[in-house]
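Quick caveat: nothing in here was measured; it's all calculated off a predicted structure. Within every chain, numbering begins at 1; the chains are lettered A, B, ... in the order of the sequence lines, protein sequences first and strands thereafter. Computed over heavy atoms, backbone and side chain alike; hydrogens, waters and symmetry mates excluded.
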2 protein chains.
Amino acid sequence: MTAPLHEAHPAGPGRVLPDTQQGMRRRNLARVMHSVSAEGPLSRAAVASRIGLTRAAVSTLVDELIRTGLLEELGPERPGRVGRPGSALAVSGHGPAGIGAEIGVDHLAVCAVDLRGQVRARAVRHGANRGCSPEPVIEELTGLVRRVVAEAEREGLWPAGLAVAVPGLVARDARTVVRAPNLDWRDTDIGALLPTDIPLTVDNEANFGALAELWLGERTPHDFLHVSAEIGIGAAVVVAGGLLRGTRGFAGELGHVPVQPEGPACPCGGRGCLEQYAGEEAVLRAAGLEPGEDRVGLLAGRAAEGDEDVRGALREAGKALGIALTGAVNLLDPESVVLGGALAGLAPWLLPSLEAELDRRTAGPACPVSVSRLGPEGPLLGAAHSVVRAVLDDPAAVAERA
Amino acid sequence: MTAPLHEAHPAGPGRVLPDTQQGMRRRNLARVMHSVSAEGPLSRAAVASRIGLTRAAVSTLVDELIRTGLLEELGPERPGRVGRPGSALAVSGHGPAGIGAEIGVDHLAVCAVDLRGQVRARAVRHGANRGCSPEPVIEELTGLVRRVVAEAEREGLWPAGLAVAVPGLVARDARTVVRAPNLDWRDTDIGALLPTDIPLTVDNEANFGALAELWLGERTPHDFLHVSAEIGIGAAVVVAGGLLRGTRGFAGELGHVPVQPEGPACPCGGRGCLEQYAGEEAVLRAAGLEPGEDRVGLLAGRAAEGDEDVRGALREAGKALGIALTGAVNLLDPESVVLGGALAGLAPWLLPSLEAELDRRTAGPACPVSVSRLGPEGPLLGAAHSVVRAVLDDPAAVAERA
DNA sequence: ACTAATTTGTAAACCGCCATGACGAAATAG
DNA sequence: CTATTTCGTCATGGCGGTTTACAAATTAGT
């Protein structure tokens with residue numbers, strides 16, 4: 001598959017395709033898919049008025065999409081309006097499916113999502129992967145993928161792509177894990193290890209989490225900052241409905257924004273980086289806890305019980321986050337900041353000091369901070385949905401493979 | 001003219017036009033213009049191979065562009081290659097011109113730039129505008145514009161648009177100055193005051209400066225951070241060849257990134273903002289100088305003479321800039337950082353400490369920092385060129401007005 | 001010098017895609 | 001039960017790029 005990566009710029013149906021009539025047709029097919037997908041069942045006439053084509057043109061586009069199994073005719077609408085009722089069109093629930101997979105530090109998960117966005121199959125395996133060599137882990141993952149694909153196929157779906165979320169840095173080829181500190185993996189070519197003919201994409205779990213927020217979040221805007229803490233503290237920058245990746249793919253390293261220029265030294269070479277104040281280790285240390293398994297759950301539990309040491313540590317972390325985010329917000333002027341991943345669970349204790357800091361340092365109304373309701377499912381869903389989006393963005397490409 | 005503002009997303013010829021055959025034609029006209037403009041004189045065949053259309057198609061496109069006066073046929077090429085030589089095409093030097101204007105704190109300037117990028121007419125008026133009410137200033141500006149337009153017309157050009165750079169915040173309508181502290185203007189509708197029928201755009205001078213760097217800089221990449229200090233310290237974020245403006249148009253406020261969380265209070269409400277260390281006033285104070293006219297020139301002069309107080313102040317400013325930029329670079333992973341505007345002149349004394357700070361705080365190779373060679377001309381040229389780019393981006397629109 | 005090969009630009013025929021306009025179908029309004 | 005409205009489709013047409021063919025202009029080779 002040619003780059004289903006959701007970059008910042010070719011967002012949505014405005015993809016760059018050769019400007020010939022075929023390209024035009026492809027883009028218009030995409031626009032039909034997007035409008036039906038976004039606005040529920042729609043008649044041909046409704047689609048036409050939305051995307052600015054004539055009913056006749058939309059008719060032929062829809063015909064093609066139905067023939068290739070991407071759209072379905074639900075039958076006549078029954079509205080109270082005058083005139084002949086339209087025939088409702090919906091995105092197919094029996095066509096291509098996006099397979100999402102997640103390699104977590106202590107679990108593996110796979111799911112299949114249909115074009116309607118429904119999760120139709122899933123499989124999970126708990127157990128630590130930390131320190132395991134890639135081969136057995138990916139072998140297990142392959143098994144889960146097979147099970148999920150088989151289940152999806154029983155429901156009439158076929159896998160259009162496989163997207164894998166990993167807790168680490170991924171090379172620009174979207175196949176190789178450059179470095180995954182929490183797994184102790186380096187330069188691992190997932191593509192080579194995963195025996196499947198489904199088109200594969202690999203990306204950072206934080207990126208997929210942010211995309212999930214963008215696509216699935218309830219009132220998520222087009223431009224926001226998605227902050228998560230899995231490996232270090234990462235901020236995915238979403239601009240105009242796309243992810244900003246940076247020239248080397250390193251964008252979003254909020255964890256190494258200086259918060260206190262002469263603060264404690266950081267492995268990155270800097271001093272007083274955010275991670276020295278709000279990173280997992282730093283917070284555990286400040287709370288007087290030992291690093292271990294499920295550290296985030298531990299923190300949340302203690303905080304909920306009222307442990308003042310933990311709460312104080314989280315307050316300080318929130319403050320540091322607020323300072324770093326002030327800088328980011330000043331630079332990017334996003335519509336909102338969303339706390340996701342592990343931070344979502346700790347939000348109740350982070351938010352007050354975080355928002356206070358942001359507020360006090362901002363002239364005028366401060367940037368609103370919200371908490372993701374996707375929770376730990378974000379990256380997995382984002383991965384699966386990235387495949388679905390790729391199909392919506394270029395249905396013709398997928399039709400050829402069907 | 002509908003929004004010739006160069007936003008981050010619809011960058012270059014990939015503008016969003018209705019996906020009908022006419023839109024296709026318009027986009028292809030734009031692609032021809034862009035390729036001829038970017039790669040010097042080109043034959044039809046060369047253009048065709050570059051933009052991926054057939055020679056026949058390009059022929060008709062070129063015909064249309066020649067008819068409307070946007071392209072010129074220079075005559076046969078004389079290359080040493082086999083085969084019939086092509087006929088060289090160049091962007092017209094007698095068609096539309098972009099009129100750029102700048103309202104500075106102590107000068108007014110206007111220039112006309114043809115499609116080839118050549119400055120064909122200019123007018124300047126020195127003298128302080130600080131504290132003057134908008135009406136007389138803009139009346140004077142109007143006079144300069146008229147003179148420049150008249151001179152351009154004598155050379156066979158016609159004004160396709162007028163872009164005005166102002167030292168202040170501009171509303172999203174691209175006509176009204178919300179606040180220009182150094183001029184003491186507020187909510188000034190430039191469009192209403194400037195009696196001309198040339199399509200008008202108003203934008204911040206820092207934005208135009210960054211765009212100038214993007215379009216005219218020698219080896220400027222597609223993604224960079226352009227830092228300038230005119231009113232406060234601003235960083236224009238250029239992503240994929242477009243300006244990132246933020247939801248409210250406030251993006252790039254580097255001046256209020258926290259550098260020392262408990263540093264001196266800033267009028268913005270924060271503490272230890274970059275401006276408290278590297279802002280004009282702060283540097284002058286640290287150098288033991290009085291604020292006055294041409295403060296930047298004064299600083300540069302003293303520093304060049306070897307004044308250690310001044311040099312020390314600039315060293316400290318560079319350090320603070322380095323800290324703030326570390327954050328920005330971590331967040332955005334740009335290809336480079338460019339110092340422009342007033343900072344360009346002070347670069348020799350800012351750079352060492354700035355780069356040292358950036359280097360020391362970055363793991364791996366630090367983001368390269370360069371200095372704009374456009375100097376104080378940047379905003380004016382950027383303004384004029386923004387009109388030229390708008391013509392290249394949609395030649396059909398301008399052909400209708402010709 | 002003369003032919004072969006190569007490349008350019010254009011013209012004619014063709015195909016694909018959307019717009020236009022007309023029509024039958026299916027609902028509501030009176 | 002008729003007039004009106006809206007939907008989906010069909011036939012026609014225009015527009016835009018491609019394909020194919022060809023003349024023009026140059027270099028390479030003998």
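On a pure distance criterion of 3.5 Å, a polar donor-acceptor pair joins the side chain of A:Gln21 and the base of D:dG16.
Without hydrogens or angle criteria, A:Arg44 side chain to A:Val62 main chain gives no donor-acceptor distance under 3.5 Å. Under a 3.5 Å cut-off, the side chain of B:Ser92 and the backbone N or O of B:Glu72 do not form any donor-acceptor pair. Between the side chain of B:Ser43 and the backbone N or O of B:Ala46, at least one donor-acceptor pair lies under 3.5 Å.
Straight-line distance from the CG atom of A:Asp19 to the P atom of C:dG16: 19 Å, rounded to whole Å. Straight-line distance from the CE atom of B:Met24 to the P atom of D:dC15: 13 Å, rounded to whole Å. The separation between A:Leu65 atom CG and D:dG8 atom P is 15 Å, rounded to whole Å. For the pair B:Glu73 CD and C:dT8 C1', the computed distance is 12 Å after rounding to whole Å. The nearest whole Å value for the distance from the CG atom in A:Leu29 to the P atom in C:dC18 is 8 Å. As rounded to whole Å, 9 Å separates atom P of D:dG17 from atom CD1 of B:Ile51. Rounded to whole Å, atom P of D:dG8 lies 10 Å from atom CG of A:Leu42.
Backbone-only engagement by A:Arg25 is indicated by non-hydrogen atom pairs under 4.0 Å involving sugar-phosphate atoms exclusively. Residue contacts shown for A:Ala56 include a base, since a base heavy atom lies under 4.0 Å away. Residue A:Arg78 is out of contact with every strand shown, counting any heavy-atom pair closer than 4.0 Å.
In the displayed structure, B:Arg81 atom CZ is contacted under 6.0 Å by at most 12 heavy atoms of other residues, nucleotides or ligands.
Taking only side-chain atoms of B:Arg55, from C-beta outward, the nucleotide of C:dC18, C:dA27, C:dG9 with the closest atom is C:dG9. With D:dA23, C:dA26, D:dG17 as the candidates, the nucleotide lying closest to the side chain of A:Arg84 is C:dA26.
Listed pair A:Ser59 / D:dT9 meets the phosphate criterion, a side-chain N or O lying under 4.0 Å from OP1 or OP2. A sub-4.0 Å separation between OP1 or OP2 of C:dC17 and a side-chain N or O of A:Asn28 is absent. Taking side-chain N and O atoms only, A:Thr54 has no distance below 4.0 Å to OP1 or OP2 of C:dC18. Contact between the side-chain N/O atoms of A:Arg44 and the OP1/OP2 oxygens of D:dT9 is found at a separation under 4.0 Å.
Toward the 5' end of DNA chain C, the nearer of the two residues B:Ala88 and A:Val82, judged by each one's closest nucleotide, is B:Ala88. Of the residues near DNA chain C, A:Gly83 and A:Gly52, the one whose nearest nucleotide (by heavy atom distance) lies more toward the 5' end is A:Gly52. Toward the 5′ end of DNA chain D lies the nearest nucleotide of A:Gly86, the other residue of the pair A:Gly86 and B:Val58 mapping further downstream.
B:His34 and B:Asp393 share a donor-acceptor pair across their side chains, judged by distance under 3.5 Å alone.
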